[in-house]
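Counting from 1, the numbers follow the sequence of the chain as shown. Counting starts at 1 for both ligands and their atoms, in listed order.
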Amino acid sequence: MFSTLRSDVRTIFENDPAARNTFEVIFTYSGLHALWAHRFAHWFYKKRLPMVARFISQVSRFFTGIEIHPGAQIGQRFFIDHGMGVVIGETCEIGDDVVIYQGVTLGGTGKEKGKRHPTIGNNVVISSGAKVLGSFTVGDYSRIGANSVVLQEVPPNCTVVGIPGRVVKRDGVRIGKLDHGNVPDPVIELCSHLQSEIDRLKEEISRNKQLEARK
Ligand SMILES: CC(C)(COP(=O)(O)OP(=O)(O)OC[C@H]1O[C@@H](n2cnc3c(N)ncnc32)[C@H](O)[C@@H]1OP(=O)(O)O)[C@@H](O)C(=O)NCCC(=O)NCCS
């Protein structure tokens, strides 16, 4: 157990250049507090004491702003930077050496039952504000860009950005150039679709009126 705790502290030094000393890390890193509370809660969850587990998780959320469901499975050297607003669902599985930032949701779409949260591979980075929703896998060494919304499987060694998230880099090679100036706006697309439907219906009504006038 102590080796795991030591490794958790070491992980913070490896990932955060701002970390100065062990005392500071142990007392001021909410990501570390949430992780330790989760390990405790997960132990009760596995002992089939879900209420106790849930209570620990909620107390931890109150103090850290990070909500990890006690059922989530988290690997070694997990690092949550800043942390506020992080939500990790019950059936989420996280590999080793994963880094996530504030505002990340590893959640469900609300459409699935049973396993409904993502499986995150080893050495994955999930940037601030990203949402990964569904029971698919994010492959090893992949990176999810800030504020992306990922709704489908991500192969290993990829960079995914955007809403919905799409692969822009695979094995270090760019896949197409992103058109930052013309990001599709779903609301405008919907409005123009509705406008063309209205135009079509207007035409049909005036055609029917003309036919009736001729009768
Ligand atoms: C995705 C990320 C990890 C970079 O990964 P990378 O593999 O090095 O990717 P690149 O920087 O080469 O970017 C690839 C393309 O995606 C674009 N891109 C990168 N991040 C993006 C994002 N969040 N949203 C939209 N596009 C993004 C880049 O502009 C680039 O586009 P181009 O090919 O047209 O030039 C990084 O951009 C990111 O989001 N970092 C945020 C880290 C974070 O959360 N920090 C918070 C600290 S408090």
Side-chain angles (χ1 to χ4, degrees), residues 8-21 24-35 38 60-61 63-68 72 74-75 77-89 92-107 109 117-134 136-189:
D8 291 335
V9 172
R10 214 171 27 243
T11 300
I12 290 178
F13 283 111
E14 280 162 15
N15 285 287
D16 187 1
R20 274 185 288 260
N21 58 65
E24 181 198 23
V25 165
I26 289 176
F27 286 98
T28 67
Y29 275 67
S30 347
L32 184 66
H33 302 156
L35 179 62
H38 172 72
S60 162
R61 187 186 80 140
F63 285 106
T64 63
I66 297 166
E67 180 168 345
I68 309 177
I74 297 180
R77 298 173 295 282
F78 181 50
F79 178 49
I80 306 172
D81 203 0
H82 308 290
M84 184 59 85
V86 164
V87 176
I88 300 176
C92 193
E93 293 162 63
I94 298 175
D96 297 332
D97 302 291
V98 170
V99 176
I100 69 174
Y101 291 91
Q102 69 275 14
V104 164
T105 300
L106 305 179
T109 56
H117 303 116
T119 298
I120 310 296
N122 300 322
N123 295 285
V124 170
V125 175
I126 307 179
S127 305
S128 52
K131 316 290 171 215
V132 185
L133 309 174
F136 52 83
T137 300
V138 175
D140 296 349
Y141 292 96
S142 282
R143 292 154 161 249
I144 311 295
N147 287 332
S148 307
V149 179
V150 183
L151 299 167
Q152 55 185 324
E153 181 121 4
V154 177
N157 217 12
C158 288
T159 299
V160 173
V161 301
I163 304 175
R166 60 193 179 90
V167 176
V168 290
K169 242 170 143 183
R170 190 166 187 171
D171 300 323
V173 179
R174 297 218 169 164
I175 300 174
K177 196 92 175 116
L178 283 176
D179 185 357
H180 294 288
N182 296 295
V183 179
D185 183 332
V187 177
I188 291 177
E189 278 177 10

Once you round to the nearest 0.5 Å, how far does [atom1] of [X] lie from [atom2] of [Y]?
{"X": "L133", "Y": "H117", "atom1": "CG", "atom2": "NE2", "value": "9.0 Å"}
{"X": "I74", "Y": "I68", "atom1": "CD1", "atom2": "CD1", "value": "4.5 Å"}
{"X": "I88", "Y": "F78", "atom1": "CD1", "atom2": "CZ", "value": "4.0 Å"}

Evaluate [X] for polar contact with ligand 1, using N/O atom pairs at a separation under 3.5 Å.
{"X": "A146", "value": "yes"}
{"X": "Y101", "value": "no"}
{"X": "S128", "value": "yes"}
{"X": "R174", "value": "yes"}

### Query
Can you list the residues that meet the side chain to side chain contact (heavy atoms under 4.5 Å, CB included) rule with T159, with sequence neighbours excluded?
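Residues passing side chain to side chain contact (heavy atoms under 4.5 Å, CB included) with T159: R143, V161, V168, K169.
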Quick check on contacts: which atoms of ligand 1 are under 4.0 angstrom from a heavy atom of [X]?
{"X": "H82", "result": "48 (S)"}
{"X": "R143", "result": "3 (C), 4 (C), 5 (O), 6 (P), 7 (O), 8 (O)"}
{"X": "S127", "result": "3 (C), 38 (C), 39 (O), 40 (N), 41 (C), 42 (C), 43 (C), 44 (O)"}

### Message
Would you say that more than 12 heavy atoms from the other residues, nucleotides or ligands in this model lie under 6.0 Å from the CZ of F63, or not?
### Response
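It does not: F63 CZ has 12 such atoms or fewer within range.
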#### Entry: All pairs passing side chain to side chain donor-acceptor pair (under 3.5 Å) where residues 8-18 contributes a residue, at least two apart
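Every side chain to side chain donor-acceptor pair (under 3.5 Å) pair that includes a residue of residues 8-18, provided the two are not neighbours, is D8-W36, D8-R39, D16-Y29.
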### Query
To which of G129, G165, G145 does the heavy atom nearest atom 1 (C) of ligand 1 belong?
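Going through G129, G165, G145 one by one, G145 has the nearest heavy atom to atom 1 (C) of ligand 1.
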### Query
Among V161, T159, V168, I163, which one has a heavy atom closest to atom 26 (N) of ligand 1?
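Comparing heavy atoms across V161, T159, V168, I163, the nearest one to atom 26 (N) of ligand 1 lies in V161.
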#### Entry: Student check: side-chain heavy atoms of N122 and D140 closer than 4.5 Å
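In contact.
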